[in-house]
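Before any comments, here is the structure.
Positions are given from 1 along the sequence.
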Amino acid sequence: MSYQADRVTENIDKAMKQLREAMKGIPIRWAGFKKEHDNAARSMANLTVLITDARSSFKR
C-alpha cells in the first residue's frame, strides 16, 4: 500500500506541474482563474501531505 501512496503523490506532483505550465499563457486575473488555481493547489498540497503522513499506517 505504501508503494501505491508513493505513486499517487508522484502523479499529483506531475499533474500540478502540468497545470503550472498550462497557466503560463493565461492572463493572471482572467475571470478569477488565479484564485481558483491557488485554492486547488492549496487543497492538493494538503491532500499530498495527508497521504504522505498516512503511509506509515498502511499495511505492507
Where at least one partner belongs to residues 40-50, residue pairs that pass salt bridge (Lys or Arg N to Asp or Glu O under 4.0 Å), sequence neighbours excluded =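 Salt bridge (Lys or Arg N to Asp or Glu O under 4.0 Å) check on residues 40-50 returns no pairs.
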[atom2] on [Y] to [atom1] on [X], rounded to 0.5 Å:
X	Y	atom1	atom2	result
K14	T9	NZ	OG1	10.5 Å
N46	I51	CG	CD1	11.0 Å
T48	N11	OG1	CG	10.5 Å
N39	M44	CG	CE	13.5 Å

ILVMFWY network linking V8 to M16, side-chain heavy atoms under 4.5 angstrom | yes
